[in-house]
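Since the structure comes first, as structure tokens, the remarks are kept for the end.
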Amino acid sequence: MEAMSNPLPALRIGHGYDLHRLEAVAPQGAGRPFVLGGARFDHPLGPVGHSDGDAVYHAVVDALLGALGRPDIGQAFPDTDPAWDGQDSAYFVERARSEVAAAGFGVVNLDITVICERPKLSPRKGEMIANVARLLGIGVDQVNLKGKTHEKVDAVGEGRAVEVHVVALLAKR
Ligand code: MG
């Protein structure tokens, strides 16, 4: 076969999704302190999860692993493993960064959508973007984060869960 004269660019796209149920923070309930994108929020409810329950970091990891064609965060770091109990999810993002680098790719950009009724995210947006950028060794201009509500309907809209979508684009170095 004739060699392709116009090869496709070495780009990979990945989508990450995560949802955590929110419950009263322990000891009243099973919730952990509310942390999102590495920002700690003062909120009576928090995510139920095996690690620290940071849905932004988890969805970022899944987007990066997805772009590489790898299994998701649950397979890489099983919630049956006591080692990850209460784990700061920044560690998972750092691990995903290493996987991306080891595969010879770099992050072009990330687009993060957080769907959460409460607490209000907008005052902490810059902090969450800076945290993700720092962990991945990229610029803040390569990370976008949008906060939305679920219009008071369903579990997310009733404030009983937080949901995150992330799209990541990687390019071969
Ligand atoms: Mg999660």
Side-chain angles (χ1 to χ4, degrees), residues 12-23 25-26 29-41 43 45-103 105 107 109-119 121 124-125 127-138 140 142-150 154-156 159-170:
R12 293 287 184 276
I13 192 166
H15 173 254
Y17 168 80
D18 197 28
L19 178 144
H20 279 263
R21 195 171 72 247
L22 298 174
E23 281 191 16
V25 173
R32 295 185 183 271
F34 198 110
V35 65
L36 210 52
R40 179 90 168 253
F41 289 82
H43 191 57
L45 305 182
V48 177
H50 187 61
S51 66
D52 66 359
D54 192 321
V56 165
Y57 281 176
H58 294 176
V60 165
V61 169
D62 269 358
L64 297 174
L65 296 179
L68 294 173
R70 306 275 167 82
D72 74 356
I73 187 171
Q75 284 191 51
F77 309 104
D79 64 6
T80 47
D81 187 339
W84 311 127
D85 183 22
Q87 173 69 45
D88 178 347
S89 296
Y91 172 77
F92 304 134
V93 179
E94 285 166 350
R95 288 280 298 267
R97 175 187 176 174
S98 305
E99 298 266 328
V100 169
F105 282 88
V107 177
N109 73 310
L110 292 174
D111 189 20
I112 304 168
T113 303
V114 184
I115 307 132
C116 181
E117 213 68 20
R118 293 175 296 274
L121 304 179
R124 312 289 296 279
K125 221 171 102 170
E127 186 183 340
M128 291 188 273
I129 288 171
N131 287 340
V132 172
R134 175 178 39 80
L135 288 171
L136 294 176
I138 58 179
V140 290
Q142 290 167 277
V143 181
N144 188 43
L145 189 145
K146 307 183 291 287
K148 304 184 77 74
T149 72
H150 210 270
D154 298 337
V156 175
R160 293 187 287 116
V162 56
E163 187 177 7
V164 181
H165 295 263
V166 176
V167 175
L169 186 67
L170 308 182

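Positions are given from 1, in the same order as the sequence printed here.
- Not one N or O on the side chain of Gln142 forms a donor-acceptor pair closer than 3.5 Å with the backbone of Ala133.
- One distance of note links CZ of Arg118 with CG of Leu22; it measures 9.5 Å at 0.5 Å rounding.
- The shortest heavy-atom contact between Val156 and Glu117 is O-CB, 3.6 Å.
- Residues passing the ring-ring contact (aromatic ring centres under 6.0 Å, His included) test with His165, sequence neighbours excluded: His15, Tyr17.
- Between Leu64 and Ala96 the shortest heavy-atom distance is CD1-CB, 4.0 Å.
- In this structure, Arg32 contributes its side chain and Ser51 its backbone to a donor-acceptor pair below 3.5 Å.
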- Take Val93 and Val132 through the test side-chain contact (heavy atoms from CB on, under 4.5 Å) and record every step on the way to the result. CA-CA 8 Å; Val93 179; Val132 172; 5.8 Å; no
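- Using a 4.5 Å heavy-atom threshold, the side chains of Met128 and Leu121 count as touching.
- Other residues, nucleotides and ligands place more than 12 heavy atoms under 6.0 Å from the CZ atom of Arg70.
- Looking only at side-chain heavy atoms (C-beta outward), Asp52 and His58 come within less than 4.5 Å of each other.
- Taking 4.5 Å as the limit, every side-chain heavy atom of Cys116 sits out of range of all side-chain heavy atoms of Thr149.
- Asn144 places none of its side-chain heavy atoms less than 4.5 Å from the side chain of Leu110.
- Remark: the backbone N or O of Ala30 is paired with a side-chain donor or acceptor of Glu23 at under 3.5 angstrom.
- Annotation: side chain of Leu136 is in contact with side chain of Val60 (closest heavy-atom distance under 4.5 Å).
- Looking at every heavy atom in both residues, Ala130 comes nearest to Val140 through CA-CG1, 4.0 Å.
- The cationic group of Arg124 lies under 6.0 Å from the six-membered ring centre of Phe41 and within 45° of the ring axis, placing it in a cation-pi geometry.
- The two residues Gly137 and Arg97 come nearest to each other via the heavy atoms N-NH1, 3.6 Å.
- Separation of atoms OH (Tyr91) and CH2 (Trp84) is listed at 4.0 Å; rounding is to 0.5 Å.
- With contacts defined as side-chain heavy-atom distances shorter than 4.5 Å, the pair Asn131/Tyr57 qualifies.
- The aromatic rings of His43 and Phe34 lie perpendicular to each other, with more than 60° between the two planes, well past the 30° mark.
- When all heavy atoms of Leu68 and Ala103 are compared, the closest pair comes out as CD2-CB, 3.7 Å.
- A donor-acceptor pair is defined here as one N or O able to donate and one able to accept, closer than 3.5 Å; no such pair exists between the side chain of Asp18 and the backbone of Val164.
- Using a 4.5 Å heavy-atom cutoff, the side chains of Asp85 and His50 are in contact.
- Of all the heavy atoms in Lys148 and Thr113, the pair that sits closest is CD-CG2, 3.8 Å.
- Within the model, atoms CG of Asp54 and CD of Gln87 stand 11.5 Å from one another, a figure rounded to the nearest 0.5 Å.
- Put simply, the side chain of Asp72 gets close to the backbone of Gly74: a donor and an acceptor are under 3.5 Å apart.
- Here the side chain of Arg40 pairs no donor or acceptor atom with the backbone of Pro33 at under 3.5 angstrom.
- Residues Asp111 and Lys146 form a side-chain contact, since some pair of their non-hydrogen atoms from C-beta on lies under 4.5 Å apart.
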